[in-house]
Protein chains: 2
Amino acid sequence: MLWEIDFGDTCGPNFHGRTFMDSKEIRDQVVEHLRKKGLRVTKERTAIIEAAFGSSRHFTAEELLEEARKLVPSVSRATVYRTLPLLLETGLLHRLDLDRGERYYDPNYATHPEHNHLICLDCNKIFEFEDNHLEARENEITRALGFAPATKHVRIEATCQRLRELGFCQNRG
Amino acid sequence: MLWEIDFGDTCGPNFHGRTFMDSKEIRDQVVEHLRKKGLRVTKERTAIIEAAFGSSRHFTAEELLEEARKLVPSVSRATVYRTLPLLLETGLLHRLDLDRGERYYDPNYATHPEHNHLICLDCNKIFEFEDNHLEARENEITRALGFAPATKHVRIEATCQRLRELGFCQNRG
DNA sequence: TTACGTGCAAACCGTTTGCACCAAT
DNA sequence: ATTGGTGCAAACGGTTTGCACGTAA
(Lines give C-alpha, C1' and ligand atoms only; values in the text may rest on other atoms or scores of the structure.)
Protein backbone atom coordinates (compact mmCIF):
# COMPACT_ATOMS: atom_id res chain seq x y z
CA MET A 1 0.00 0.00 0.00
CA LEU A 2 2.91 2.20 -0.70
CA TRP A 3 3.51 3.88 -3.96
CA GLU A 4 5.41 6.70 -5.41
CA ILE A 5 4.03 9.74 -7.10
CA ASP A 6 6.43 11.61 -9.27
CA PHE A 7 5.79 15.29 -9.60
CA GLY A 8 6.48 17.24 -12.72
CA ASP A 9 9.09 19.92 -13.05
CA THR A 10 7.84 21.90 -10.12
CA CYS A 11 5.03 20.27 -8.25
CA GLY A 12 2.90 18.26 -10.61
CA PRO A 13 2.31 14.74 -9.37
CA ASN A 14 0.77 11.72 -10.95
CA PHE A 15 -0.19 8.65 -9.03
CA HIS A 16 1.40 5.66 -10.75
CA GLY A 17 -0.99 3.07 -12.08
CA ARG A 18 -4.01 5.11 -11.12
CA THR A 19 -6.55 7.02 -13.06
CA PHE A 20 -7.12 10.51 -11.84
CA MET A 21 -10.69 10.80 -10.57
CA ASP A 22 -12.99 12.45 -13.08
CA SER A 23 -12.68 16.14 -12.52
CA LYS A 24 -16.40 16.61 -13.14
CA GLU A 25 -17.24 14.29 -10.27
CA ILE A 26 -15.09 16.36 -7.93
CA ARG A 27 -16.57 19.59 -9.16
CA ASP A 28 -20.04 18.25 -8.45
CA GLN A 29 -19.03 17.50 -4.88
CA VAL A 30 -17.78 21.05 -4.41
CA VAL A 31 -20.87 22.56 -6.01
CA GLU A 32 -22.97 20.43 -3.68
CA HIS A 33 -21.02 21.86 -0.78
CA LEU A 34 -21.79 25.40 -1.92
CA ARG A 35 -25.48 24.60 -2.32
CA LYS A 36 -25.63 23.09 1.18
CA LYS A 37 -24.21 26.33 2.55
CA GLY A 38 -26.76 28.33 0.58
CA LEU A 39 -24.04 29.92 -1.51
CA ARG A 40 -24.37 30.81 -5.16
CA VAL A 41 -22.74 28.85 -7.94
CA THR A 42 -21.33 31.67 -10.01
CA LYS A 43 -19.35 31.35 -13.21
CA GLU A 44 -16.30 32.68 -11.37
CA ARG A 45 -16.51 30.03 -8.68
CA THR A 46 -17.12 27.37 -11.29
CA ALA A 47 -14.00 28.45 -13.17
CA ILE A 48 -11.92 28.40 -10.00
CA ILE A 49 -13.18 24.94 -9.04
CA GLU A 50 -12.46 23.68 -12.54
CA ALA A 51 -8.98 25.17 -12.47
CA ALA A 52 -8.20 23.79 -9.02
CA PHE A 53 -9.26 20.21 -9.68
CA GLY A 54 -8.62 20.06 -13.41
CA SER A 55 -5.14 18.65 -12.88
CA SER A 56 -3.32 16.88 -10.07
CA ARG A 57 -0.68 19.58 -9.86
CA HIS A 58 -0.03 21.58 -6.73
CA PHE A 59 -0.57 25.29 -7.17
CA THR A 60 -0.31 28.69 -5.54
CA ALA A 61 -3.15 31.19 -5.31
CA GLU A 62 -1.54 33.15 -8.12
CA GLU A 63 -1.30 30.09 -10.36
CA LEU A 64 -4.91 29.25 -9.63
CA LEU A 65 -5.90 32.77 -10.68
CA GLU A 66 -3.97 32.41 -13.91
CA GLU A 67 -5.55 29.04 -14.65
CA ALA A 68 -9.08 30.18 -13.79
CA ARG A 69 -8.68 33.18 -16.06
CA LYS A 70 -8.07 30.84 -18.99
CA LEU A 71 -11.64 29.71 -18.44
CA VAL A 72 -13.22 33.00 -17.35
CA PRO A 73 -10.87 35.91 -18.07
CA SER A 74 -12.63 38.32 -15.73
CA VAL A 75 -11.94 36.26 -12.57
CA SER A 76 -10.23 38.46 -10.01
CA ARG A 77 -7.56 37.76 -7.45
CA ALA A 78 -9.98 38.70 -4.68
CA THR A 79 -12.47 36.07 -5.77
CA VAL A 80 -9.75 33.43 -5.85
CA TYR A 81 -8.78 34.29 -2.29
CA ARG A 82 -12.42 34.35 -1.22
CA THR A 83 -13.12 31.00 -2.87
CA LEU A 84 -10.08 29.07 -1.61
CA PRO A 85 -11.43 28.71 1.96
CA LEU A 86 -14.63 27.23 0.53
CA LEU A 87 -12.63 24.60 -1.30
CA LEU A 88 -10.56 23.80 1.78
CA GLU A 89 -13.77 23.28 3.75
CA THR A 90 -14.73 20.40 1.50
CA GLY A 91 -11.57 18.52 2.48
CA LEU A 92 -10.91 17.84 -1.22
CA LEU A 93 -8.24 20.51 -1.28
CA HIS A 94 -5.54 20.95 1.35
CA ARG A 95 -3.10 23.71 2.00
CA LEU A 96 0.44 22.36 1.98
CA ASP A 97 3.04 23.21 4.55
CA LEU A 98 6.03 23.43 2.27
CA ASP A 99 8.28 25.95 3.89
CA ARG A 100 8.70 27.87 0.68
CA GLY A 101 7.68 31.50 0.51
CA GLU A 102 4.18 31.10 -0.85
CA ARG A 103 1.48 28.68 0.13
CA TYR A 104 0.77 25.69 -2.06
CA TYR A 105 -2.51 23.90 -2.49
CA ASP A 106 -2.89 20.17 -3.13
CA PRO A 107 -6.03 18.99 -4.99
CA ASN A 108 -5.25 15.28 -4.65
CA TYR A 109 -7.21 14.67 -1.48
CA ALA A 110 -10.26 13.89 -3.58
CA THR A 111 -8.56 10.82 -4.99
CA HIS A 112 -6.18 10.06 -2.09
CA PRO A 113 -7.66 11.37 1.15
CA GLU A 114 -4.83 10.12 3.36
CA HIS A 115 -1.71 10.79 1.37
CA ASN A 116 1.55 12.20 2.67
CA HIS A 117 4.49 14.10 1.23
CA LEU A 118 8.16 13.46 0.75
CA ILE A 119 10.23 16.45 -0.30
CA CYS A 120 13.60 15.86 -1.91
CA LEU A 121 16.11 18.39 -0.59
CA ASP A 122 18.37 17.78 -3.58
CA CYS A 123 16.00 18.26 -6.48
CA ASN A 124 13.24 20.04 -4.57
CA LYS A 125 10.65 17.72 -6.05
CA ILE A 126 7.69 16.51 -4.06
CA PHE A 127 6.51 12.91 -3.95
CA GLU A 128 3.21 11.68 -2.57
CA PHE A 129 2.71 8.37 -0.84
CA GLU A 130 0.18 6.44 1.22
CA ASP A 131 0.87 3.78 3.80
CA ASN A 132 -1.57 1.72 5.83
CA HIS A 133 0.91 0.95 8.60
CA LEU A 134 1.64 4.59 9.16
CA GLU A 135 -2.02 5.44 9.13
CA ALA A 136 -2.92 2.69 11.59
CA ARG A 137 -0.21 3.76 13.99
CA GLU A 138 -1.30 7.39 13.79
CA ASN A 139 -4.80 6.33 14.74
CA GLU A 140 -3.55 4.21 17.64
CA ILE A 141 -1.52 7.07 19.04
CA THR A 142 -4.32 9.55 18.65
CA ARG A 143 -6.77 7.32 20.50
CA ALA A 144 -4.21 6.50 23.17
CA LEU A 145 -3.96 10.21 23.85
CA GLY A 146 -7.74 10.46 24.21
CA PHE A 147 -8.57 12.01 20.85
CA ALA A 148 -10.40 11.08 17.70
CA PRO A 149 -8.27 11.66 14.60
CA ALA A 150 -9.49 14.24 12.08
CA THR A 151 -6.62 15.08 9.75
CA LYS A 152 -3.26 13.34 9.63
CA HIS A 153 -0.23 14.32 7.66
CA VAL A 154 3.32 13.08 7.42
CA ARG A 155 5.95 15.25 5.88
CA ILE A 156 9.36 13.81 5.20
CA GLU A 157 12.31 15.80 3.97
CA ALA A 158 14.93 13.55 2.48
CA THR A 159 17.96 13.42 0.23
CA CYS A 160 18.45 11.28 -2.86
CA GLN A 161 20.52 8.23 -1.94
CA ARG A 162 21.67 8.11 -5.51
CA LEU A 163 22.99 11.66 -5.41
CA ARG A 164 25.23 10.73 -2.52
CA GLU A 165 26.32 7.41 -4.00
CA LEU A 166 26.73 8.33 -7.65
CA GLY A 167 27.11 12.07 -7.48
CA PHE A 168 23.96 12.93 -9.32
CA CYS A 169 20.24 13.06 -8.60
CA GLN A 170 18.06 11.03 -10.93
CA ASN A 171 15.15 13.36 -10.24
CA ARG A 172 16.98 16.47 -11.26
CA GLY A 173 16.24 18.09 -14.61
CA MET B 1 7.93 5.48 23.91
CA LEU B 2 4.78 7.44 23.65
CA TRP B 3 3.96 10.25 25.93
CA GLU B 4 1.87 13.31 26.11
CA ILE B 5 2.98 16.88 26.37
CA ASP B 6 0.42 19.30 27.58
CA PHE B 7 0.82 22.83 26.38
CA GLY B 8 -0.11 25.83 28.45
CA ASP B 9 -2.92 28.24 27.69
CA THR B 10 -1.76 28.96 24.19
CA CYS B 11 1.20 26.89 23.10
CA GLY B 12 3.41 26.16 26.08
CA PRO B 13 4.25 22.47 26.37
CA ASN B 14 5.92 20.48 29.07
CA PHE B 15 7.16 16.97 28.59
CA HIS B 16 5.69 14.86 31.37
CA GLY B 17 8.16 13.17 33.68
CA ARG B 18 11.10 14.82 31.98
CA THR B 19 13.48 17.50 32.99
CA PHE B 20 13.88 20.20 30.41
CA MET B 21 17.44 20.17 29.13
CA ASP B 22 19.55 22.83 30.74
CA SER B 23 19.04 25.96 28.72
CA LYS B 24 22.71 26.87 29.11
CA GLU B 25 23.77 23.66 27.43
CA ILE B 26 21.55 24.45 24.46
CA ARG B 27 22.80 27.99 24.25
CA ASP B 28 26.35 26.70 24.15
CA GLN B 29 25.50 24.52 21.19
CA VAL B 30 24.04 27.46 19.33
CA VAL B 31 26.99 29.69 20.15
CA GLU B 32 29.28 26.94 18.92
CA HIS B 33 27.32 26.92 15.67
CA LEU B 34 27.83 30.66 15.27
CA ARG B 35 31.57 30.34 15.95
CA LYS B 36 31.89 27.55 13.38
CA LYS B 37 30.34 29.82 10.79
CA GLY B 38 32.71 32.61 11.76
CA LEU B 39 29.84 34.75 13.02
CA ARG B 40 30.01 37.08 16.01
CA VAL B 41 28.43 36.34 19.33
CA THR B 42 26.80 39.66 20.07
CA LYS B 43 24.75 40.56 23.13
CA GLU B 44 21.66 40.82 20.92
CA ARG B 45 22.12 37.31 19.53
CA THR B 46 22.81 36.00 23.01
CA ALA B 47 19.59 37.54 24.29
CA ILE B 48 17.59 36.07 21.42
CA ILE B 49 19.08 32.61 21.96
CA GLU B 50 18.36 32.84 25.66
CA ALA B 51 14.80 33.94 25.00
CA ALA B 52 14.19 31.22 22.41
CA PHE B 53 15.45 28.30 24.47
CA GLY B 54 14.71 29.64 27.95
CA SER B 55 11.35 27.91 28.03
CA SER B 56 9.72 25.03 26.20
CA ARG B 57 6.92 27.21 24.90
CA HIS B 58 6.24 27.73 21.21
CA PHE B 59 6.54 31.32 20.10
CA THR B 60 6.12 33.72 17.20
CA ALA B 61 8.81 36.11 15.97
CA GLU B 62 7.00 38.93 17.74
CA GLU B 63 6.87 37.03 21.04
CA LEU B 64 10.56 36.22 20.71
CA LEU B 65 11.31 39.91 20.23
CA GLU B 66 9.29 40.79 23.32
CA GLU B 67 11.06 38.13 25.39
CA ALA B 68 14.54 39.04 24.13
CA ARG B 69 13.91 42.67 24.97
CA LYS B 70 13.36 41.71 28.59
CA LEU B 71 17.01 40.70 28.56
CA VAL B 72 18.42 43.34 26.23
CA PRO B 73 15.87 46.12 25.66
CA SER B 74 17.58 47.49 22.56
CA VAL B 75 17.07 44.28 20.52
CA SER B 76 15.30 45.12 17.28
CA ARG B 77 12.75 43.26 15.25
CA ALA B 78 15.19 43.14 12.32
CA THR B 79 17.80 41.35 14.40
CA VAL B 80 15.25 38.81 15.56
CA TYR B 81 14.33 38.05 11.95
CA ARG B 82 17.99 37.92 10.97
CA THR B 83 18.83 35.58 13.84
CA LEU B 84 15.96 33.12 13.49
CA PRO B 85 17.40 31.42 10.38
CA LEU B 86 20.66 30.87 12.28
CA LEU B 87 18.77 29.08 15.04
CA LEU B 88 16.84 26.97 12.55
CA GLU B 89 20.13 25.91 10.95
CA THR B 90 21.20 24.26 14.20
CA GLY B 91 18.19 21.95 14.08
CA LEU B 92 17.46 22.78 17.72
CA LEU B 93 14.63 25.07 16.69
CA HIS B 94 11.99 24.21 14.10
CA ARG B 95 9.40 26.31 12.38
CA LEU B 96 5.96 24.83 12.95
CA ASP B 97 3.38 24.36 10.26
CA LEU B 98 0.33 25.29 12.26
CA ASP B 99 -2.06 26.79 9.80
CA ARG B 100 -2.67 29.83 11.95
CA GLY B 101 -1.89 33.24 10.62
CA GLU B 102 1.61 33.71 11.97
CA ARG B 103 4.49 31.29 12.06
CA TYR B 104 5.32 29.52 15.28
CA TYR B 105 8.69 28.27 16.39
CA ASP B 106 9.28 25.17 18.52
CA PRO B 107 12.43 25.06 20.69
CA ASN B 108 11.90 21.50 21.91
CA TYR B 109 13.97 19.78 19.24
CA ALA B 110 17.01 20.11 21.48
CA THR B 111 15.46 17.76 24.02
CA HIS B 112 13.23 15.75 21.67
CA PRO B 113 14.70 15.74 18.16
CA GLU B 114 12.02 13.53 16.64
CA HIS B 115 8.80 14.72 18.21
CA ASN B 116 5.49 15.25 16.48
CA HIS B 117 2.40 17.36 17.06
CA LEU B 118 -1.23 16.71 17.81
CA ILE B 119 -3.51 19.73 17.57
CA CYS B 120 -6.87 19.61 19.33
CA LEU B 121 -9.51 21.19 17.13
CA ASP B 122 -11.78 21.71 20.14
CA CYS B 123 -9.50 23.50 22.58
CA ASN B 124 -6.84 24.52 20.08
CA LYS B 125 -4.12 23.19 22.32
CA ILE B 126 -1.05 21.47 20.97
CA PHE B 127 0.38 18.24 22.31
CA GLU B 128 3.77 16.78 21.50
CA PHE B 129 4.54 13.10 21.22
CA GLU B 130 7.21 10.67 20.12
CA ASP B 131 6.77 7.16 18.84
CA ASN B 132 9.37 4.62 17.77
CA HIS B 133 7.01 2.63 15.55
CA LEU B 134 6.03 5.70 13.60
CA GLU B 135 9.61 6.74 13.23
CA ALA B 136 10.74 3.29 12.09
CA ARG B 137 7.99 3.10 9.49
CA GLU B 138 8.83 6.56 8.19
CA ASN B 139 12.41 5.47 7.70
CA GLU B 140 11.33 2.28 5.92
CA ILE B 141 9.14 4.18 3.52
CA THR B 142 11.75 6.80 2.82
CA ARG B 143 14.38 4.19 1.98
CA ALA B 144 11.92 2.17 -0.09
CA LEU B 145 11.42 5.28 -2.21
CA GLY B 146 15.17 5.63 -2.67
CA PHE B 147 15.85 8.43 -0.26
CA ALA B 148 17.71 8.98 2.98
CA PRO B 149 15.50 10.62 5.61
CA ALA B 150 16.51 14.06 6.85
CA THR B 151 13.55 15.56 8.70
CA LYS B 152 10.32 13.80 9.56
CA HIS B 153 7.20 15.29 11.03
CA VAL B 154 3.74 14.00 11.79
CA ARG B 155 0.95 16.44 12.34
CA ILE B 156 -2.37 15.17 13.61
CA GLU B 157 -5.46 17.28 13.97
CA ALA B 158 -7.96 15.64 16.27
CA THR B 159 -11.00 16.22 18.43
CA CYS B 160 -11.39 15.46 22.13
CA GLN B 161 -13.23 12.17 22.51
CA ARG B 162 -14.43 13.45 25.87
CA LEU B 163 -15.98 16.55 24.35
CA ARG B 164 -18.11 14.40 22.12
CA GLU B 165 -18.99 11.89 24.81
CA LEU B 166 -19.53 14.17 27.78
CA GLY B 167 -20.14 17.51 26.12
CA PHE B 168 -17.08 19.26 27.43
CA CYS B 169 -13.37 19.32 26.68
CA GLN B 170 -11.10 18.60 29.61
CA ASN B 171 -8.34 20.60 27.97
CA ARG B 172 -10.38 23.75 27.64
CA GLY B 173 -9.76 26.63 30.02
C1' DT C 1 -36.19 41.73 -7.29
C1' DT C 2 -32.82 41.44 -3.93
C1' DA C 3 -29.23 39.80 -1.44
C1' DC C 4 -25.07 37.81 -2.33
C1' DG C 5 -20.94 37.90 -5.16
C1' DT C 6 -17.68 40.45 -7.78
C1' DG C 7 -13.71 43.55 -9.43
C1' DC C 8 -10.95 47.14 -8.14
C1' DA C 9 -7.71 49.25 -5.38
C1' DA C 10 -6.29 50.37 -1.02
C1' DA C 11 -5.11 48.53 3.35
C1' DC C 12 -2.93 45.07 6.07
C1' DC C 13 0.69 42.57 8.28
C1' DG C 14 4.45 39.62 8.77
C1' DT C 15 8.94 39.71 6.87
C1' DT C 16 13.00 41.56 4.34
C1' DT C 17 16.28 45.03 3.12
C1' DG C 18 19.27 49.49 2.38
C1' DC C 19 21.77 52.42 4.90
C1' DA C 20 24.58 54.77 8.21
C1' DC C 21 26.38 53.83 12.59
C1' DC C 22 28.33 50.55 16.10
C1' DA C 23 31.05 47.04 18.33
C1' DA C 24 33.17 42.02 18.57
C1' DT C 25 37.21 40.12 17.24
C1' DA D 1 41.46 48.56 12.85
C1' DT D 2 38.43 45.98 10.35
C1' DT D 3 34.40 44.08 8.97
C1' DG D 4 30.36 42.03 10.25
C1' DG D 5 26.16 43.32 13.10
C1' DT D 6 22.74 46.53 14.46
C1' DG D 7 18.56 49.76 14.63
C1' DC D 8 15.65 52.31 11.97
C1' DA D 9 12.35 52.89 8.64
C1' DA D 10 11.02 52.03 4.18
C1' DA D 11 9.97 48.45 0.96
C1' DC D 12 8.07 44.08 -0.13
C1' DG D 13 4.67 40.41 -1.22
C1' DG D 14 1.03 37.62 -0.22
C1' DT D 15 -3.54 38.15 1.58
C1' DT D 16 -7.65 40.68 3.16
C1' DT D 17 -11.15 44.14 2.90
C1' DG D 18 -14.40 48.37 1.85
C1' DC D 19 -17.06 49.87 -1.60
C1' DA D 20 -20.06 50.43 -5.51
C1' DC D 21 -21.65 47.63 -9.20
C1' DG D 22 -23.31 43.25 -11.18
C1' DT D 23 -25.88 38.94 -11.33
C1' DA D 24 -27.72 34.16 -9.66
C1' DA D 25 -31.67 32.59 -7.51
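In what follows, chains are A, B, ... by sequence order, proteins preceding strands, each numbered from 1.
Not counting sequence neighbours, E66(B) has no partner by the salt bridge (Lys or Arg N to Asp or Glu O under 4.0 Å) test. By the side-chain hydrogen bond (donor to acceptor under 3.5 Å, both in side chains) test, S76(A) is found to be paired with T79(A), residues two or more places apart in sequence or in another chain being considered. E67(A) pairs by the salt bridge (Lys or Arg N to Asp or Glu O under 4.0 Å) definition with K70(A), not counting sequence neighbours. When the side-chain hydrogen bond (donor to acceptor under 3.5 Å, both in side chains) test is applied to E89(A), the partners found at least two apart in sequence or on another chain are H33(A), K37(A). With sequence neighbours excluded, the residues forming a salt bridge (Lys or Arg N to Asp or Glu O under 4.0 Å) with E50(A) are R27(A), listed by chain and number. Under the side-chain hydrogen bond (donor to acceptor under 3.5 Å, both in side chains) criterion, T159(B) pairs with no residue, sequence neighbours left out. Every residue two or more places apart in sequence or in another chain was checked for a salt bridge (Lys or Arg N to Asp or Glu O under 4.0 Å) with E32(A), and none qualifies. For H94(B), there are no side-chain hydrogen bond (donor to acceptor under 3.5 Å, both in side chains) partners two or more places apart in sequence or in a different chain.
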Atom pairs under 3.5 Å: protein N/O with N/O of nucleotides 15-17 of chain D:
residue : atom : partner : partner atom : Å
dT15(D) : OP2  : Y81(A)  : OH           : 2.3
dT15(D) : O5'  : Y81(A)  : OH           : 3.4

Every protein N/O lying under 3.5 Å from an N/O of nucleotides 23-25 of chain D:
residue : atom : partner : partner atom : Å
dA25(D) : OP1  : V41(A)  : N            : 3.3

* Begin from the C-alpha positions of E62(B) and R77(B) and carry the test salt bridge (charged side-chain N to carboxylate O under 4.0 Å, His left out) through to its verdict. => CA-CA 8 Å; E62(B) 196 60 28; R77(B) 187 167 287 106; 2.8 Å; yes

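A heavy atom closer than 4.0 Å to some atom of DNA chain C occurs in no member of residues 66-75 of chain B.
Each end of the helix from dT1(C)-dA25(D) to dT25(C)-dA1(D) yields a helix axis from five base pairs, and these two axes differ in direction by 40° (to the nearest 10 degrees).
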